[in-house]
Structure formats: C-alpha cells, structure tokens
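Below is one structure; the comments refer to it alone.
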Amino acid sequence: MEKYINAGYFLIKSKLLRFGTLEGTVVKTCSGCINTSAFDIWCLSWVKDALNEESKLELGLSDSQINDIHKWTDIRFDRGELGFGNVFPDLETARTFKELFFAGRNDIEMLGLYLPQTDADRLTEDFKEGNNSLPFNQNNGKFGLRLNLLKQIEEKETEDAAFLGYDFIGVEGDGSFHSFYCHNITEILIDMFALTLNENGLFEEITQPDQIREYLNSPNAGVEPVPWYIAKVKRITT
C-alpha cells in the first residue's frame, strides 16, 4: 500500500454546495472554491483585499480582529514559519491560530490533507523552482502546500484524526486548489471509476488511482488546466 505524505492543515467552515447535481449538500473539501477557509492569503496584510465581504460575514470577523490576524500572520510569514497560501505547516500552529481568533467556533473544523507518495512527488516536481514552462507555476513553487510536502512527513494513524474521504484537487501556482466539485463531474467520475460518495461528500475508496490521474490531467476531463492530484482528508478532533 502506498504511503501518504502530510500536506498540512486547514481551518474550514463548510457551507452548502451552491451549484451542480449535488447542490444543497455539504462537502468536506479543503478547497476554498467550495468552502470558506478561516486561514487564507487574506491573513497577510499585503493581500488583505482577497477577503471578500461574504467570507468576512461567514467568519464573523470585525475589522479589529482582521488587523490582529494580519499582525500575527505577517510576523510568522516573515520568520519563514508559514508558507504562502491557506495551509498551516503543523498542528501546533493551526491550533494556536484557532484558539486566538476562532475559539469556541465548532463550525470551523481543522482538517488535515495527505497526498499519496506518487502525487506528493508529482506536485513537488510540477512546481519546482525554475519550472516556468507552464503558466501555473508563477510563484516558483514557493507556497505552503508544496513546502509542507517537501518535508516528507508520513501520515500517522492517530486517535485524534478521523478519516473523511478522498478528494481530487487541482492546484494553482499560489497553492490554492480546486476540487472536482468545481466542475460538476462527480457523476462522471463515479461511473468511470466505480467510485462511491460517502456522507462527507468525498470518495470512500480509490481503486484506480493511475487511471484517475491520467483522466483528470487530460484535456478530455473538462477541468481547470492545472495539475490534478489525489488527496485524503481527515478531521482533527482534538
């Protein structure tokens, strides 16, 4: 069985899917296209305009709280403790951030993301420094998701991490990523690869990983023209 590599941790507020054949359901994806991230590029003061009013209201943030978040994030980014994007490098940092700015918010969950070794290796290579032949690598791979994977920290089975399912993610050059839900191809994927959705809106098991990778990264898939990867999602319970 292929080992999985830790890609980092996310603070996610789930919301109802607004389009597609499964409109009105909740999907436990870490993609900011589908759900609202409580830690994203807007947490840096120089990218503050990335926070729109809808997300501000969903997260219940005041201007004073946003300023405090900017100060906290800027310091750690300048120290090199945080990479660019919407992902934390470790549980301690993620927990500290939530306790400081979203304490008592049970609707904001901590989710862990893990990539199979094959996909972790592909992502770090696709976005390696100097690989600017394709337009998706405008940041030369200097974003949190890739930096976390470069550490090659293997997934560990622990009691505080509950398996939620498998997602397919298409990664942009800033480390943000799409989910297969962005393109309403859920039924196509189910039919083509004998997949089963679980109660979290994610796939319960992946039995044809190579074929899935080939399809999602082909022009026939009708998805964003960025690299696509398989990812496992877990909920951190403590």
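We number each residue from 1, following the sequence as shown. Heavy-atom basis, side chains included; hydrogens, waters and symmetry copies ignored.
- Side-chain contacts under 4.5 Å among hydrophobic residues (ILVMFWY), followed directly or transitively, place Leu57 with no other residue at all.
- Applying the ring pair (Phe, Tyr, Trp, His ring centres under 6.0 Å) definition to pairs two or more places apart or across chains, those involving residues 10-33 are Phe10-Phe177.
- Within the 4.5 Å cutoff, side-chain heavy atoms of Val233 are placed close to those of Leu202.
- For Glu58, the salt bridge (charged side-chain N to carboxylate O under 4.0 Å, His left out) criterion is met by Lys15, Arg18, not counting sequence neighbours.
- Residues passing the salt bridge (charged side-chain N to carboxylate O under 4.0 Å, His left out) test with Lys3, sequence neighbours excluded: Glu154.
- Scored by the salt bridge (charged side-chain N to carboxylate O under 4.0 Å, His left out) test, Arg95 finds Asp160 as partners (sequence neighbours excluded).
- Applying the 6.0 Å contact sphere to CD of Glu23 captures more than 12 heavy atoms from other residues, nucleotides or ligands.
- A salt bridge between Asp63 and Lys48 is absent, with no side-chain N of the basic residue lying under 4.0 Å from a carboxylate O of the acidic one.
- For the pair Asn86 and Gly175, the tightest heavy-atom approach, listed with the atom from each and the gap, is OD1-O, 4.1 Å.
- Considering only residues two or more places apart in sequence or on other chains, Ala38 meets the side chain to side chain contact (heavy atoms under 4.5 Å, CB included) condition with Leu11, Leu59, Phe102, Ile108.
- Residues Val226 and Leu123 are members of one and the same hydrophobic cluster, defined by side-chain heavy-atom contacts under 4.5 angstrom among Ile, Leu, Val, Met, Phe, Trp and Tyr.
- The two residues Leu113 and Cys30 have their closest heavy-atom pair at CD1-SG, 4.3 Å.
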What's the verdict on side-chain hydrogen bond (donor to acceptor under 3.5 Å, both in side chains) for Asn140 and Glu129, showing C-alpha distance, side-chain angles and the deciding distance? CA-CA 5 Å; Asn140 248 336; Glu129 186 173 356; 4.7 Å; no
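- No side-chain N or O of Tyr181 forms a donor-acceptor pair with one of Asp167 less than 3.5 Å apart.
- Take Asn148 and apply the side chain to side chain contact (heavy atoms under 4.5 Å, CB included) test, not counting sequence neighbours, and it matches Val87, Pro89, Lys151.
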Determine, stepwise, if the pair Met110 / Leu91 fulfils side chain to side chain contact (heavy atoms under 4.5 Å, CB included). CA-CA 9 Å; Met110 192 178 302; Leu91 269 177; 3.4 Å; yes
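- A search for side chain to side chain contact (heavy atoms under 4.5 Å, CB included) contacts involving Asp174 returns Phe84, Asn139, Glu172, Ser176, not counting sequence neighbours.
- Among residue pairs with one or both ends in residues 107-118, those qualifying as side chain to side chain donor-acceptor pair (under 3.5 Å) are Glu2-Thr118, Lys28-Glu109, Arg105-Asp107, Glu109-Arg235, Gln117-Asp121, Gln117-Gln152; sequence neighbours excluded.
- Partners of Asp210 under the salt bridge (charged side-chain N to carboxylate O under 4.0 Å, His left out) rule, at least two apart in sequence or in another chain, are Arg213.
- Panel note: side chain Asp74, backbone Ser45; a donor-acceptor pair is recorded below 3.5 Å.
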Side chain to side chain contact (heavy atoms under 4.5 Å, CB included) for Ile206 and Tyr166? Distances and angles first, verdict last. CA-CA 7 Å; Ile206 304 297; Tyr166 294 93; 3.6 Å; yes
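- Relative ring orientation between Phe39 and Phe88 is described as parallel, the plane-to-plane angle staying below 30° on a 0-90° scale split at 30° and 60°.
- In this structure the side chain of Phe203 never reaches within 4.5 angstrom of the side chain of Phe193, judged on heavy atoms.
- For the residue pair Asp90/Thr93, the side-chain donor-acceptor check at 3.5 Å is satisfied.
- Under the side chain to side chain contact (heavy atoms under 4.5 Å, CB included) criterion, Ile75 pairs with Arg79, sequence neighbours left out.
- Thr73 places a side-chain heavy atom less than 4.5 Å from the side chain of Leu82.
- Applying the side chain to side chain donor-acceptor pair (under 3.5 Å) test to residues at least two apart or on different chains, none of the pairs has a partner in residues 186-196.
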